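Everything on this sheet refers to the single structure shown next.
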There are 2 protein chains.
Amino acid sequence: MTTTPPLRRATILEVARSAGASKTSVSRYFSGERERLSRELQARIAEAARCLGYRPNQMARGLKGGHSRLIGMLVADIRNPFSVAVMHGVEQACREQGYSLLVCNTDNDPAQERARLALLASYRVEGLVINVAGRPSRELHTLADQGIPLVLLDRELDLVEADVVGLDNAGAIDMALDHLAGQGYGELLYVSEPPEQISSRQRRLERFRQGLGERGLTGEALCLALEGQEGALTDGITTFLARPGRPPRALLCANGNVTLAVTRTLQRLGIRLGETGLLGIDELDWCELVPPGITTLAQPTAMIGQAAVDRLLQRLEASGHRAPPRRLHYQPTLISRGSTRR
Amino acid sequence: MTTTPPLRRATILEVARSAGASKTSVSRYFSGERERLSRELQARIAEAARCLGYRPNQMARGLKGGHSRLIGMLVADIRNPFSVAVMHGVEQACREQGYSLLVCNTDNDPAQERARLALLASYRVEGLVINVAGRPSRELHTLADQGIPLVLLDRELDLVEADVVGLDNAGAIDMALDHLAGQGYGELLYVSEPPEQISSRQRRLERFRQGLGERGLTGEALCLALEGQEGALTDGITTFLARPGRPPRALLCANGNVTLAVTRTLQRLGIRLGETGLLGIDELDWCELVPPGITTLAQPTAMIGQAAVDRLLQRLEASGHRAPPRRLHYQPTLISRGSTRR
DNA sequence: TTGTACGCGTTATCAA
DNA sequence: TTGATAACGCGTACAA
């Protein structure tokens, strides 16, 4: 015999009445203190809860105990496979620890970032994993000052007390330069989206410039927005390839989006990969499919996601202590393919 | 002069005290009833709230009014670009309407689906957009019975009262077959992941089989899991291409994941696209990059996401009425490239 | 082992 | 135009 469930969600009180027990007992049953209840009472509560389709109301729980069991995540670009991969790791780690993940996308818009941050705060998330879009906002400072654990993903911010988890950018660029130099490419073009305000882009660019000289390479950097600038990208690449002399030349792409745009451009120009080298940061599904295969530096996305949550939980457990911020930088893996074989 | 914010988030009561007003007034100020307050009182409240970094607690709001302003979304595979694209649309539409999106990934695991569903219910989401992983669970029925608006994405379920939003699967297959037939391909291999329990896969497969005869084509279907079955995929394709006779042959991929696996296999086999046709459902970044370009059917993901939220909100507004479920099926767009040009 | 009573932060109702 | 007070659903001292 099934009772038709009520339109409104059942409350703890209704379960208690239906089971002939008290609120307290029902609460205990659902809070992992079942042992303290007699077998018989447990059975009555279980039955009543099942009939009514009862689920404890997390809102009420959070309100009472101050624990929302919610972690917030702010993603700058949800359509970026790298972000999604990290998010997958974050979500998994959260779940394993009994937390849920509230994800917001900002589309790289600082205004939206502020709004979403305020939103997450209003749901009283216990910690925040943030892939920042702009410079530190007042919202973010407020959160940090209130002692809510913050983890910055991939992009750092000065003036904000937060852990940082991401790629070892300098190491990655070194790895790329070593590989390219080793394959005999002597002249490089580094293509990046505008580095303003975004620390990981700055680090990579900076190291690229340093690293050239150290290895006796020559080259330059091309920084431009990928949307609405297709012409500039084509021009930049064409100019680079048309320089006098014919040392083996290669392009180094600062991230997955750049790799995509550059690959498109090279195809349009009819340029053969390998002869002209191509190496991209971020591994993507299709890099092996574009002949002769595009060499990449794969980021350890699962580790990064896991590490972000680890940092968060560590701070949650040690709330009060306020340990100094930590920075974790992970090494990429080089996946060598035909695009860097001459 | 800035007051140092408290470690705990400020409450309405603290703001009220600090502003020399009552809780009620502060509540009114933050609930869009500012007009009812005198200019002077508004100013005092604004100032106090700013100093304390006050934000209304959504948990408490939800508890009181029964409105969590939360929409839940269940995604079967967060790493699938199609899902992410739809999610982007859903999130955008939610935001525009003042709702927030709580996203959960199930990794196509029915057990996780049940768990995440329970979770979303416990946060009292007001509506649910679901990309189901398995057959209807008890959890799902409970939700539906309680009158929580449900929208099924891409995959339908019998026995559950819910709106359905997705691709016109039959139309898509027709479009694909017409295109392939028009390009002169006479013998087709349809490659799909196992269709069990997943309505969209079933519809597409079914229509493929029907459609062959109607157009005087021959062909067959190959259904297999993509992971851990690479050998079977290679065998299936090899066998297909080695059949006696040499009518122009083409492969039709049931979704983006299949297109990826099939493209990998074809490359490994050294098969030239175009000569052997290839058409995939779902447009992906890289389809234009694999020479000579892979022909696809692009799904209108933004429209689908928007439509899902529209349905949800419509039901939320008309709560009580219980209109019969509606099904919305959108047309794909054919993007013709070299892989179907002989 | 079980139950009573209070408070979490908010909004709705009613009175001033 | 404002304020006091009672819920909302739950967890938890405390009492039985």
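So that the names make sense, note that chain A is the first sequence line, chain B the second, and so on, each numbered from 1. These numbers come from a predicted model, not from an experiment. Note: hydrogens, waters and symmetry copies are ignored here, and every other heavy atom, side chains too, is used.
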Hey, are Arg50(A) and Glu47(A) close enough for a salt bridge, meaning a charged N less than 4.0 Å from a carboxylate O? yes

Pick the nucleotide of DNA chain D nearest each of Ala60(B) and Gly20(B); which residue has the one closer to the 5' end? Gly20(B)

Check this one for me: any side-chain N or O of Ser25(B) less than 4.0 Å away from OP1 or OP2 of dT2(D)? no

dG9(C) base / Arg55(B) side chain donor-acceptor hit below 3.5 Å: no

When the distance from CD1 of Ile45(A) to P of dG3(C) is rounded to whole Å, what number comes out? 9 Å

Residue pair Arg124(A)/Leu37(A) against DNA chain C: nearer the 5' end by closest nucleotide is Leu37(A)

Looking at Glu14(A) and Arg17(A), is any side-chain nitrogen of the basic one under 4.0 Å from a carboxylate oxygen of the acidic one? no

OP1 or OP2 of dT2(D) less than 4.0 angstrom from a side-chain nitrogen or oxygen of Ser38(B), does that happen here? yes

Can you find a donor-acceptor pair, distance only, under 3.5 Å between Lys64(B) side chain and dA7(D) base? yes

Using a strict 4.0 Å threshold on nitrogen-to-oxygen distance, state whether Arg55(B) and Glu139(A) make a salt bridge. yes

Tell me if the side-chain of Ser27(B) makes a donor-acceptor pair with the base of dA12(C), cut-off 3.5 Å, by modelled atom types. no

From the candidates dC10(D), dT1(D), dT2(C), the one with an atom nearest any side-chain atom of Thr11(A) is dC10(D)

Are Ser31(B) and dT11(C) close enough that a side-chain N or O sits under 4.0 Å from OP1 or OP2? yes

What I want to check is whether an N or O donor and acceptor connect the side chain of Lys23(A) with the base of dG11(D) at under 3.5 Å. yes

Given dT4(C), dT13(C), dG9(C), the nucleotide with the shortest approach to the side chain of Arg28(B): dT13(C)

Atom pair distance, as rounded to whole Å: OH in Tyr29(A) and P in dG11(D): 14 Å

Rounded to whole Å, please give me the gap between CG in Asn57(A) and P in dC8(D). 13 Å

Quick one: Leu13(A) CG to dC10(D) P, roughly how many Å, whole number? 9 Å

Measure the distance from CZ on Arg34(A) to P on dT1(C) and round it to the nearest whole Å. 16 Å

Base dG9(C) to side chain Arg9(B), donor-acceptor N/O within 3.5 Å cut-off: no

Once you round it to whole Å, what is the distance between C1' of dA7(D) and CZ of Arg61(B)? 17 Å

Given dG3(D), dT10(C), dG9(C), which nucleotide is nearest the side-chain atoms of Thr24(B)? dG3(D)

Beyond-backbone contact of Arg326(B) with Gln314(B), side-chain heavy atoms, under 4.5 angstrom: yes

Nearest whole Å is fine: how far is dA12(C) C1' from Phe30(B) CZ? 19 Å

Are Leu128(A) and Leu120(A) side-chain neighbours, meaning at least one heavy-atom pair lies under 4.5 Å? yes

Starting at atom CE of Met59(B), determine the distance to atom C1' of dC8(C), rounded to an integer number of angstrom. 13 Å

NA contact type, Tyr54(B), heavy-atom cut-off 4.0 Å: base, sugar-phosphate, or nothing? sugar-phosphate

Side chains of Arg61(A) and Ser31(A), heavy atoms from C-beta outward: is any pair under 4.5 Å? yes

